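Below: one structure, written as structure tokens.
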Protein chains: 2
Amino acid sequence: MAGRRERVRQATLAEIRAVARRLLIEQGPAAVTINAVAREMGMSGPALYHYFAGHEELVGAVTADFFRELTEVMEAAREAHPPGEHGRRLLATCRAMRKWAITHRAEFGWVFASPLTGERRPGSPRELAGRDFEAVFLEEVAALWESRPFPVPAELEPSIRKQLRAYTASAGLGLPVEAVHVFLSCWIRLYGLLCMEVLNQLDFAYSDLEPVFEECLREIAPKLGLDYESP
Amino acid sequence: MAGRRERVRQATLAEIRAVARRLLIEQGPAAVTINAVAREMGMSGPALYHYFAGHEELVGAVTADFFRELTEVMEAAREAHPPGEHGRRLLATCRAMRKWAITHRAEFGWVFASPLTGERRPGSPRELAGRDFEAVFLEEVAALWESRPFPVPAELEPSIRKQLRAYTASAGLGLPVEAVHVFLSCWIRLYGLLCMEVLNQLDFAYSDLEPVFEECLREIAPKLGLDYESP
DNA sequence: ATGTTTCCTTAATGGCTCTAAGCAAACTTA
DNA sequence: TAAGTTTGCTTAGAGCCATTAAGGAAACAT
């Protein structure tokens, strides 16, 4: 079924993305250019336009790769614990996320500081991979809520409720708006911390943020009714 | 003293930065190029090298401008309240920061997502302006601690204590390490939230983060022993 | 064996950064 | 005031980039 031609094409596509990634790691975001990737592969620049419509699309594809890899790492860490142990599964997922982020700084930084604007549109590979990534946490929290609902605030600021209603519906899980709100509060703290770390916004005070991250986990865990456990 | 020549030079410098900023706002970060700025001013590209050593330095100067402007806005908001009312002063400062950030999205985003690497080195205009910005909060928190110390955790994770000792000393304020830690925890939550908002990392769930920001303030205030007040 | 598709090439346009060489006006100084 | 220096610009050009266009050769389908 997959003819030889198609196989070769897929191999070339994979090599392009691999080279792009290598350039990002070795020489920074600015070095990921169509020409540089082609040169590195022994091809002429315009040849790459048979594989990607342009620079933006290449960047989007590479970003999607990063999301997928990160998602896989997180899922693997989560599945190292039995399905019922939501606390351990969530903690493992969080730690796997940070570990990947700091061992792949260039890639993780690229994800939000990428010079993209258009590639985030609905339907793009990047957008789809982003949703999967997000789902790793969301699904586990939904399962946790199913088996052992965590405490939620009685009332919600009206504007927040209104905004979250749309998101809650689109997520399609059985979570009430209030639970989504608690989850997002935790998410913002965790992801925000990582974001600042990778963008070097905390260098002025910290050189190693691992204990700060753990402290964040310790504060977040009880909000989801979970016990914090040291790594 | 300031000869005519020097005056003209300063005016040109100011115009360059103003044009760079306009290009950033109107056409995004990628449009801020030496050539484009020069063209916009009716000059030839290389002329700008008499004012800035290169693209990096121009970007750094513009970034420093943003920091300075943001710092001024925050200080003005703070000074709208009497010196003794630390709570109101800090809340006003925080709100002024977010207001500036969302009314100047391009500029605020530029500050951390800027393609700079070298311009962050010690002594650069950007680095100095960044310190002043940081000081707006830090000084007020120091004054608060002076007049009404907030509760701090009895013990600190050893690695965190060690790291913060250096920063606390360099900051040169009379704050103990524990208080600096509490301050930084608050800072990370606030700045991290803003960072994610401006980098569009929360669009998937929220369209208006103002109530989320206020909720963050409500949670942070008691950590500094302050009363939260609605805006 | 023929026609089509696919993959790649080179050429070319126009943008970018940055260096080099040179001209002219403006200041400085004797 | 005249000579020399500094300053502010110019154009030319090298070398990078993205992207389009035109064409050749190999692989595939019929």
Side-chain angles (χ1 to χ4, degrees), chain A residues 1-24 26-63 110 114-119 124, chain B residues 1-24 26-63 110 114-119 124:
Chain A
M1 14 201 84
R4 178 185 131 73
R5 201 147 197 168
E6 186 58 20
R7 258 184 300 122
V8 171
R9 173 163 244 277
Q10 290 307 319
T12 308
L13 273 168
E15 191 188 349
I16 292 173
R17 297 201 293 234
V19 170
R21 181 176 188 166
R22 185 164 55 73
L23 287 172
L24 168 67
E26 291 175 358
Q27 305 177 49
V32 183
T33 67
I34 299 257
N35 277 330
V37 171
R39 200 185 314 126
E40 209 77 8
M41 293 176 66
M43 297 202 315
S44 247
L48 256 71
Y49 286 81
H50 282 266
Y51 299 91
F52 294 96
H55 186 250
E56 275 239 327
E57 197 178 296
L58 171 60
V59 169
V62 172
T63 307
W110 172 272
S114 73
L116 297 174
T117 47
E119 263 300 316
S124 67
Chain B
M1 11 205 86
R4 178 185 131 73
R5 201 153 198 162
E6 187 58 21
R7 257 183 300 122
V8 172
R9 176 163 243 274
Q10 290 308 321
T12 308
L13 273 168
E15 189 187 350
I16 292 172
R17 298 200 293 234
V19 169
R21 181 176 187 166
R22 183 163 56 75
L23 286 172
L24 168 67
E26 291 174 357
Q27 305 177 49
V32 183
T33 68
I34 299 258
N35 276 334
V37 171
R39 202 184 312 124
E40 208 77 6
M41 294 175 64
M43 297 203 313
S44 246
L48 256 70
Y49 286 82
H50 281 266
Y51 298 92
F52 293 97
H55 186 251
E56 276 240 326
E57 199 179 294
L58 171 60
V59 170
V62 172
T63 308
W110 172 272
S114 73
L116 296 175
T117 47
E119 262 300 317
S124 66

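Quick note: numbers below take in every heavy atom, side chains included, and nothing from hydrogens, waters or symmetry partners. What you see is a predicted model, and the numbers here were worked out from it, not measured in a lab. Residue numbers start from 1 in every chain, and the chains themselves are labelled A, B, ... in the order their sequence lines are given, proteins ahead of strands.
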Exercise. Can you pull the side-chain hydrogen bond (donor to acceptor under 3.5 Å, both in side chains) pairs that have at least one residue in residues 45-54 of chain B, sequence neighbours excluded?
Worked result: none
Exercise. According to a strict under-4.0 Å criterion, is Ser44(B) in side-chain N/O contact with OP1 or OP2 of dC9(D)?
Worked result: no
For this session: Please state how far atom CG in Leu48(B) lies from atom C1' in dT10(D), giving the value in whole angstrom units.
Result: 14 Å
Exercise. Is the phosphate of dT7(D), meaning OP1 or OP2, less than 4.0 Å from a side-chain N or O of Arg9(B)?
Worked result: no
For this session: Whole angstrom is fine here: how far is it from CD in Glu57(B) over to P in dC18(C)?
Result: 10 Å
Exercise. For the pair made of CG in Leu13(B) and P in dT7(D), what is the distance, rounded to whole Å?
Worked result: 14 Å
Exercise. Atom CD of Gln10(B) and atom P of dT7(D): how far apart are they, to the nearest Å?
Worked result: 14 Å
For this session: Classify every nucleotide of nucleotides 17-28 of chain D by which part a protein heavy atom approaches to under 4.0 Å, writing B for the base, S for the sugar-phosphate alone and - for neither, in 5'-to-3' order.
Result: BBBBB-----BS
Taking only distance into account, with no hydrogens and no angle test, what donor-acceptor pairs under 3.5 Å do side-chain atoms of residues 27-36 of chain A form with protein atoms, sequence neighbours excluded?
from, atom 1, to, atom 2, distance (Å)
Thr33(A), OG1, Ala36(A), N, 2.9

Exercise. Given atom CG of Leu23(B) and atom P of dG15(C), what is their separation to the nearest angstrom?
Worked result: 15 Å
Exercise. Please give, in whole Å, the distance from dT10(C) P to Met43(A) CE?
Worked result: 12 Å
Exercise. Contact class for Tyr51(B) vs. all strands (heavy atom < 4.0 Å): base, sugar-phosphate, or nothing?
Worked result: sugar-phosphate
For this session: Using the test side chain to side chain contact (heavy atoms under 4.5 Å, CB included), find all partners of Phe52(A) that sit at least two apart in sequence or belong to another chain.
Result: Leu13(A), Ile16(A), Arg17(A), Glu57(A), Leu58(A), Ala61(A)
Problem set entry | By salt bridge (charged side-chain N to carboxylate O under 4.0 Å, His left out) - contacts of Arg22(B) (at least two apart) | Glu26(B), Glu40(B)
